[in-house]
Amino acid sequence: MTATKRQMPKNFDFAEGEKRIYDWWEQNGWFKPEARPDDAEPFVISMPPPNVTGVLHIGHALFSTLEDLMIRYERMRGKAALWVPGTDHAGIATQLQVEKMLQEEGTSRHDIGREEFLARTWQWKEEKGGTITSQLRRLGASCDWDRERFTLDDGLSEAVQEVFVRLWEQGLIYRGPRLVNWSPGLQTAVSDLEVESNEETVKLYFFKYPVEGGEHLPVATTRPETILGDTAVAVNPEDKRYTHLIGKKAYVPMLNREIPIIADEYVDMEFGTGALKVTPGHDFNDYALSKKHNLEMINILNKDASLNENAGDYAGLDRYEARAKLWADMEAADLTIKAESYTTRIPRSQRGGEVVEPMLSTQWFVKMDDIAAKGLKAVRDGDIKIVPERFEKVYYHWLENIQDWCISRQLWWGHRIPAWYREKDGDPQGEIYVGRTPPKGDGWTAEEDVLDTWFSSGLWPFSTLGWPHETADVQRFYPTAVMETGHDILFFWVARMIMMGLWFTDKPPFHTVYLHGLVRDSEGRKFSKTIGNVIDPLVMVDEYGADPLRFALVTSGTPGNDVNLDEEWVENSRNFANKIWQATSFIVNNLENIEGELDLTLPQPDTLDLPSKWILSRLNKLIKNVQNLFDTYQFGEAGRQIRSFIWDEFAPWYLEISKHPLYNGEPEQKNDALRVLIHTMDTCLRLLHPFVPFVTEELWSYIPHNGEALIVADWPHADEAYINDKAEYQMGVLIDLVRQVRDIRNNQYDINPGKKLDAIIAPGSHRSNIEKYGYVFSRLCNIDNIDLLAENAPSPEQAASGVVADATVYLPLAGMIDFEAECVKLNKEHENLIGAIAKIEGTLSNENFVSRAPAEVVQRERDRLVDLQASLSQINERISELCK
RNA sequence: GGGCGUAUAGCUCAGUUGGUUAGAGCGCACGGUUCACAUCCGUGAGGUCAUAGGUUCGAGUCCUAUUACGCCCACCA
């Protein structure tokens, strides 16, 4: 392999490069698992499908970055990496968008009818559908687009139908009237998960319940209109205030309907008035209570939450109008006591934000107990791991207390439930047929309801691969590997995928769940249009590039925790991309220094000079660390460590030092330095590729390399032979000496950086290295000549000094030396050393430490003590010379 | 009412299984147009690691309690 000597541009043109490189990758088929041999181990991620009509927001940017990172990493490890992309029909969300559009046209879905509405929605999907996937491409997402799926595709619809029919046949799906959360605006049932309760201040109304015999029982409620649906009043049997009323009749205010006064321990004597009105048709607690006491159930609401015929004179009024009117009427009838303000949790629809009403309605449910048991076991047994682990507890708690899942929605956009009804015994729905095809015979009417969106999403890991058919993809790529998604949809989606996967394929759909948090702004606030703090990922990409946004997103946080994204960090990541660019540019420009054929392999460890031994030792330790971090899904920390290696060690030290062999060295030294530079840079580009794919791919093309493309290059492995603690220590002393000189020049004496100085060094045990690598000082702190002192030689008086281990560097600055300042500095160091030494001596004299601490820790302390003592003796000597 | 998370430099955050003198970015101060880079380089100031106990040879890291903020779950009208 010879180097292709191409001139590098001054900077990376993100806009141009991203598009060109992405197309090149895709055209070469590298996003497909088929890019690897047929027997390669698969690694599969199913993309959490974004809403088909959505636009990319910062949350998408986070998930796609993390998933792409894992996919690229595993691909480089030689696996058949498959990232299955797709979109979700998002029942409620999409239907709402289309309804809004119709409203703007002055019509409505009811006006145009179901068929026309669906046609319009599909049209909307065709228009908006490509947006989000094309936006994902801009972020570098290396999905297999040939396998892209949509939840309403024929194949996925077939899977949905199959699952529904099988569950029905297994007796796990039932239909019946139940109290469900009803969304009056959307006019559909919603599941418990789709209801959010937050504290709000409302009014608590106290009123008098008329009791037979002319007495009044005081009762409190936050929803007076539900009085009209009361079918009992309950008191605690222990409550002496009311025991005499138990069994008597009460009369519903304004309706005068007769209802019983019952006793139940459920009633809290301390709360409110101690008496509870029971409304089974519109309250979950009361519903349970009514089952226990066999009470009548009355529904007083229409689908739009206006009151129905059961509400007497209030029929036709909106629930809030009815509340006001009823209360006014009760006031007039002297049945009110007071209304005070009260803080409680109000259930609102997650979608529309409107107040949800518990309401009796006939819905389809899935019995969850047996299915949930499988889901629990899989995680308990470790067949599925959740990262971070703490979410396993949350998962257990939910599954242990799971309720049956209400899967029917009174919407039009979605998978229609494969059921048909026929009249029987006067009941128009007396006979139910569930099947893959419509029933034979006459008189059947199809079910109008569709399925909860999450019903189809729950099948995603296998439905996207072709299930229920035993396709080649199902055989090869199922189960998938990692499910990466937000912790906010652990119940909605992850738990259901696990349950459905286990139930229908008998395998966990993935072995690991990796959960990320919410992306927030730099002050930790949620993004909101009202605050105006929304960060548009595409604006970031335009301004800084996709790589910088990706790097910032990954390195800003830790698994499971929310990410506070600071635009300054995106900018810094852009600067980091530039840093790699410039470092590579330096190497590429020096390729012309190659003498003869360049050997791309690394020289043997012992033949290397000290700086090379040092940087390769640091590099291989970095590889080991990064590997450990990747193994435990700590990608952010891995990215930060790579960044730090390049920016704090490789570029400012090794690269600078290498200029000596490159510019002044013998041919062999030049080549060795280049081999180390290229190897180190090459390794860094490989390690960074999953984080910042575009710029690394581009840079890799400039340095000498083997292979077609970085995206399919091998992931680095650490080579223990190059790990060298001794070299790290020795190089560390040289680096610290340079720092001492810089400190003296910059801070103590304010010497122009351009001015060359001479140095005198008492080298202690580092004589040969300082002698051999004196050029380090000339390169890095502008030292012209170094005078190495013989052992026991007197130290120069007119000089500033700095001590590192047992070596001292002197800068002879005749006439400039401020002895007083020197002594202040020396005394301060003296003090520090005494303190540090005392501490270590204390530790080492502790027998428990010496016997119990690991040997290497003890040894490290001993080594340190030796260095500190050597430094102290030099400081002491200096003090006795200078400070009288 | 349960459960969980967070608390480290002025700000935003790292700190892997407990082990040198706790780090980064931004900001701040001082100095820099040397042939990779001003999207930069060098140097520096700045921290009782929320509080109080405890375990340990050794605690930012483990345990207990407390405080503050945030999140999730739950049927008190």
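Lettering follows sequence order; numbering is per chain, from 1.
One finds a salt bridge joining K621(A) and D725(A) here, because a Lys/Arg side-chain nitrogen approaches an Asp/Glu carboxylate oxygen to under 4.0 Å. A salt bridge links R223(A) with D283(A): at least one charged nitrogen is closer than 4.0 Å to a carboxylate oxygen. Electrostatic pairing of E637(A) and R640(A) counts as a salt bridge here, judged by a charged N lying under 4.0 Å from a carboxylate O. By the 4.0 Å N-to-carboxylate-O rule, R618(A) lies close enough to E728(A) to be salt-bridged with it. A salt bridge does not link D863(A) to R860(A): none of the charged nitrogens lies less than 4.0 Å from a carboxylate oxygen.
When the C1' atom is compared between G23(B) and G70(B), the two are found 26 Å apart, to the nearest whole Å. The gap from the P atom of A50(B) to that of U16(B) amounts to 15 Å, rounded to the nearest Å. Spacing of C1' atoms, A24(B) relative to C69(B), comes out at 25 Å, to the nearest Å. When the P atom is used for both A74(B) and G18(B), the distance is 36 Å, rounded to whole Å. Taking atom C1' in both A38(B) and G32(B), one finds a spacing of 11 Å when rounded to whole Å. Taking atom P on both C30(B) and C35(B), the two are 25 Å apart, rounded to the nearest angstrom. Taking atom P in both A14(B) and U8(B), the straight-line distance is 11 Å, to the nearest Å. Nucleotides U61(B) and U56(B) have their P atoms positioned 16 Å apart, rounded to a whole Å.
Residue Y654(A) places no side-chain N or O under 4.0 Å from the OP1 or OP2 atom of A36(B).
Following rounding to the nearest Å, Q350(A) (CD) and C72(B) (C1') show an atom-to-atom distance of 13 Å. Distance OH (Y395(A)) to P (C72(B)): 20 Å, rounded to an integer number of Å. Taking atom CD1 of I834(A) as the reference point, atom P of U21(B) lies 16 Å away to the nearest angstrom. Separating the CZ atom of F12(A) from the P atom of C37(B) is a distance of 19 Å, rounded to the nearest angstrom. In this entry the distance linking CG of N575(A) with C1' of U39(B) reads 4 Å, nearest Å. Taking atom CD of residue E265(A) and atom C1' of nucleotide C76(B), one finds them 15 Å apart after rounding to whole Å. Rounded to whole angstrom, the span from the CG atom of L655(A) across to the P atom of C37(B) amounts to 11 Å. At whole-Å resolution of the value, CG in N572(A) and C1' in C37(B) are 14 Å apart.
Each of M269(A) and R742(A) has a nearest nucleotide on RNA chain B; the 5'-most of these lies closest to R742(A).
Partner assigned to A59(B) is none, using Watson-Crick or G-U wobble distances below 3.5 angstrom. Pair assignment for A77(B): none, as no Watson-Crick or G-U wobble contacts are both less than 3.5 Å.
No contact: T584(A) has no heavy atom under 4.0 Å from any strand.
Taking 3.5 Å as the limit, the base of C4(B) and the side chain of K393(A) contain no donor-acceptor pair of atoms between them. Scanning atom types as modelled, no donor and acceptor separated by under 3.5 angstrom connect the side chain of Q641(A) and the base of A14(B). For R860(A) against U20(B), a side-chain-to-base donor-acceptor contact under 3.5 Å is absent.
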